S.K.: 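Mind looking over this structure? Questions follow.
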Protein chains: 2
Amino acid sequence: MNARATVISVAARLLDESATGDVSTRAVCEAAGIQQPVLYRLFGDKEGLLSSTVDHIWDQYLESKRQAEKSADPVVDLRSGWDSHTAFALTHPNAYKLMFAPGLRTVPQAVEEAIRILRDVLNRLAAEGRLRVPPQPATQMVMAANTGIALALVTRPTLYPDQGVSTLVRDAIHRAILVEAPGAESGGSAVRDARTSAVTTLRASLGELTPEPFTPVEAALLDQWLTQIPHSGEPEPGE
Amino acid sequence: MNARATVISVAARLLDESATGDVSTRAVCEAAGIQQPVLYRLFGDKEGLLSSTVDHIWDQYLESKRQAEKSADPVVDLRSGWDSHTAFALTHPNAYKLMFAPGLRTVPQAVEEAIRILRDVLNRLAAEGRLRVPPQPATQMVMAANTGIALALVTRPTLYPDQGVSTLVRDAIHRAILVEAPGAESGGSAVRDARTSAVTTLRASLGELTPEPFTPVEAALLDQWLTQIPHSGEPEPGE
DNA sequence: CGTTCATGTAATCGACGATAACAGCATCGG
DNA sequence: CCGATGCTGTTATCGTCGATTACATGAACG
């Protein structure tokens with residue numbers, strides 16, 4: 001095995017296992033059985049090492065996902081691309097922080113590759129006339145929003161305990177850049193939207209009613225019942 | 001002037017002027033005319049210093065913006081809040097990175113305050129029946145997307161040369177969480193109107209939920225409670 | 001055989017976060 | 001007035017880290 005490859009592999013392992021999110025060049029050298037000058041001759045500086053390591057982790061992850069690529073419907077690819085992005089962040093949080101958080105002056109190739117993949121999907125959508133926004137701003141919108149939610153999930157897990165937010169933001173962004181889908185989903189979901197909105201309105205009001213019409217116990221029970229309403233399914237129309 | 005305050009002020013200046021985005025405790029001490037042990041007795045460690053510094057910069061910025069707060073329309077506040085967030089990131093990039101990029105183990109108070117401000121606006125919107133999503137996930141969606149686009153603008157200015165992307169993402173997210181049409185701005189009774197409308201919607205839905213989440217007795221009690229809500233008074237009479 | 005160049009090693013530099021140890025000095029109870 | 005207490009300031013130092021210098025080794029080549 002190439003010396004450079006083994007160093008990268010060792011660095012990737014240490015990075016994934018790191019609790020603080022960073023790795024010292026000394027630790028990499030000791031674990032790889034090399035001396036520091038060797039590392040610096042191979043990668044120039046620490047940033048070169050980390051950049052190569054991130055690229056390696058990214059390539060590995062992409063390889064494991066490459067089977068599910070290029071479906072017939074580019075909208076499906078757009079969605080799965082978002083979800084893969086988020087999943088990568090959750091699987092390799094330290095590598096992800098290095099990719100998208102400040103710290104590395106040079107943009108890792110993995111970032112450019114992620115942008116390229118997204119841009120390709122959006123170009124396919126544009127060719128089919130399904131983009132409401134030019135591909136370039138659309139790429140920036142999707143990329144920035146996706147990294148935002150992924151970084152939030154990774155760096156502030158207590159503030160963002162539910163990773164379903166990723167789906168919500170995803171659909172919000174996608175609805176904004178895509179023209180209306182072939183099948184109008186607005187039939188059954190409009191009812192549910194109205195219902196959810198009504199529940200939200202009332203729950204926000206419960207604490208502000210004067211004079212309070214409910215005892216605390218009643219209010220708590222009412223609040224609990226209200227939360228159950230939106231989750232009741234509508235008889236899904238044909239799909 | 002308080003010694004602690006001068007140190008924070010000096011640290012804020014050095015942070016804003018820093019090219020690399022971080023400041024050494026030694027530089028702060030030298031510029032403030034104190035010794036390192038003093039700094040460590042004041043702030044515990046470097047993270048304490050940076051956290052306090054970030055809070056200071058945030059408070060200063062918020063003070064300069066506080067005049068434009070609390071407009072009549074919470075939708076306007078939501079939009080201006082997003083734009084202020086992005087503007088703060090562009091004005092104080094280093095402080096912003098410290099707030100929302102990994103690095104600080106402790107979440108600065110400025111972050112929690114930003115979340116609280118956003119949550120308050122969303123709660124006002126929910127009380128008026130203009131939220132399609134509960135306030136909590138809405139807060140997370142807006143916050144994560146906003147930090148995503150702001151971090152992108154700040155850390156990768158070459159990849160995101162046009163800050164108009166912030167507006168595009170903003171409107172995309174806001175369209176996803178707000179109900180259509182500001183509609184009738186009928187003044188003070190908007191809240192009660194929204195509440196009555198919500199009650200009507202839910203009472204009409206109660207018989208159509210499948211599977212039925214409530215027993216007949218529960219449904220009857222819930223229905224009765226719902227009818228009591230619109231007859232309650234206004235939350236805060238004076239404003 | 002001597003030159004050249006790549007590879008490996010020991011030792012070290014400078015910056016940094018953090019702390020120990022000590023000195024000055026004020027306050028306060030006795 | 002005095003000693004104890006506690007805060008403030010200073011010097012010196014520790015350990016870690018990124019990065020480099022200087023030197024040794026060995027193979028390739030003319």
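Since the structure is predicted, the reported quantities are computational estimates derived from the model, not experimental observations. Letters go in sequence order (proteins before strands), and every chain restarts at 1.
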S.K.: Rounded to whole angstroms, how far apart are CG on Asn2(B) and P on dC7(D)?
M.R.: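 Result: 16 Å.
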S.K.: Round to a whole Å and report the spacing from CG of Leu50(B) to C1' of dC16(C).
M.R.: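 So the two atoms are 13 Å apart, to the nearest Å.
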S.K.: Is it the case that more than 12 heavy atoms not belonging to Gln109(B) sit under 6.0 Å from its CD atom?
M.R.: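 No - once you tally the heavy atoms of other residues, nucleotides and ligands closer than 6.0 Å, there are 12 at most.
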S.K.: Given dA15(C), is OP1 or OP2 found less than 4.0 Å from the side-chain N or O atoms of Ser24(B)?
M.R.: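 Checking dA15(C) against Ser24(B), no side-chain N or O comes under 4.0 Å of OP1 or OP2.
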S.K.: Is it true that His85(B) and Phe100(B) have ring centroids separated by less than 6.0 Å?
M.R.: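 Yes: the rings meet the under 6.0 Å criterion.
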S.K.: Between Thr106(A) and Ser51(A), is there a side-chain donor-acceptor contact under 3.5 Å, judged purely by atom types and distance?
M.R.: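 Looking only at side-chain atoms, Thr106(A) and Ser51(A) do not form any donor-acceptor pair under 3.5 Å.
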S.K.: Are Arg79(A) and Asp83(A) close enough for a salt bridge, meaning some N to O gap below 4.0 Å?
M.R.: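 Here Arg79(A) does not pair with Asp83(A) in a salt bridge, since their nearest N and O are not under 4.0 Å apart.
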S.K.: In whole angstroms, how far is the C1' atom of dT13(D) from the CZ atom of Arg26(B)?
M.R.: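 Arg26(B) atom CZ is separated from dT13(D) atom C1' by 10 Å.
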S.K.: Restricting to pairs with a member in residues 17-40 of chain B, which pass salt bridge (charged side-chain N to carboxylate O under 4.0 Å, His left out), not counting sequence neighbours?
M.R.: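 Applying salt bridge (charged side-chain N to carboxylate O under 4.0 Å, His left out) to every pair that reaches into residues 17-40 of chain B, excluding sequence neighbours, yields Arg13(B)-Glu17(B).
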S.K.: Describe the nucleic acid contact of Val28(B) in one word from base, sugar-phosphate, nothing, applying a heavy-atom distance below 4.0 Å.
M.R.: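 Nothing, no heavy atom under 4.0 Å.
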S.K.: Below 4.0 angstrom, which residues in residues 31-49 of chain A have at least one non-hydrogen atom near DNA chain D?
M.R.: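 Result for residues 31-49 of chain A: Gln36(A), Pro37(A), Tyr40(A), Asp45(A), Lys46(A), sorted by number.
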S.K.: How many Å lie between CD on Glu30(A) and P on dC17(D), as a whole number?
M.R.: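 It works out to 11 Å between those atoms.
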S.K.: Over all heavy atoms of both residues, which pair between Ala114(A) and Met143(A) is shortest? Give the atoms and the distance, please.
M.R.: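 Taking Ala114(A) first and Met143(A) second, the nearest heavy atoms are CB-CE, 3.8 Å.
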